[in-house]
Amino acid sequence: MGVLLIIALLAVMGMVVFAVVRGLHAFATMDHNDVDENGVPRGLARQNEMMFARVKWQAIAVALVAIIVIGGAFAK
């Protein structure tokens, strides 16, 4: 069970990195003239999406670390 949690943690950490890279790419390629129907730049909307995705994946990673640590404490 512990190995499965470690593999899941590595996958979730990969998703955190993926969200950070996509957010940075959106920031680097943002064009202020490319706006949606509400007048919001599409790059800015993508940055916000990736920020919330990063926070979500980080919260899942913290929860997995807590489960691993608590499980290890009770295993002894």
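Each of Phe74 and Val65 belongs to its own hydrophobic cluster when Ile, Leu, Val, Met, Phe, Trp and Tyr are linked at side-chain heavy-atom distances under 4.5 angstrom. Hydrophobic clustering (side-chain heavy atoms under 4.5 Å, transitive across Ile, Leu, Val, Met, Phe, Trp, Tyr) groups Met15 together with Ile68. Linking Ile, Leu, Val, Met, Phe, Trp and Tyr whenever their side-chain heavy atoms come within less than 4.5 Å leaves Ile60 and Val55 in two separate clusters. Linking ILVMFWY residues whenever their side-chain heavy atoms come closer than 4.5 Å, directly or via other members, places Val12 and Leu10 in the same cluster. Criterion: ILVMFWY side-chain heavy atoms under 4.5 Å apart, direct or through other members. Under it, Ile67 and Val69 are part of a common hydrophobic cluster.
Between Arg42 and the choices Thr29, Asp36, Val35, the side chain to side chain contact (heavy atoms under 4.5 Å, CB included) rule is met once, by Asp36. Of the residues listed (Glu49, Arg54, Met50), the one engaging Arg22 in a side chain to side chain contact (heavy atoms under 4.5 Å, CB included) is Met50, and it is the only one.
Expressed to the nearest 0.5 Å, how far CD1 of Ile7 lies from CG of Leu64 amounts to 12.0 Å.
Of all non-hydrogen atoms in Ala61 and Leu9, the two that sit nearest each other are O-CD1, 3.6 Å.
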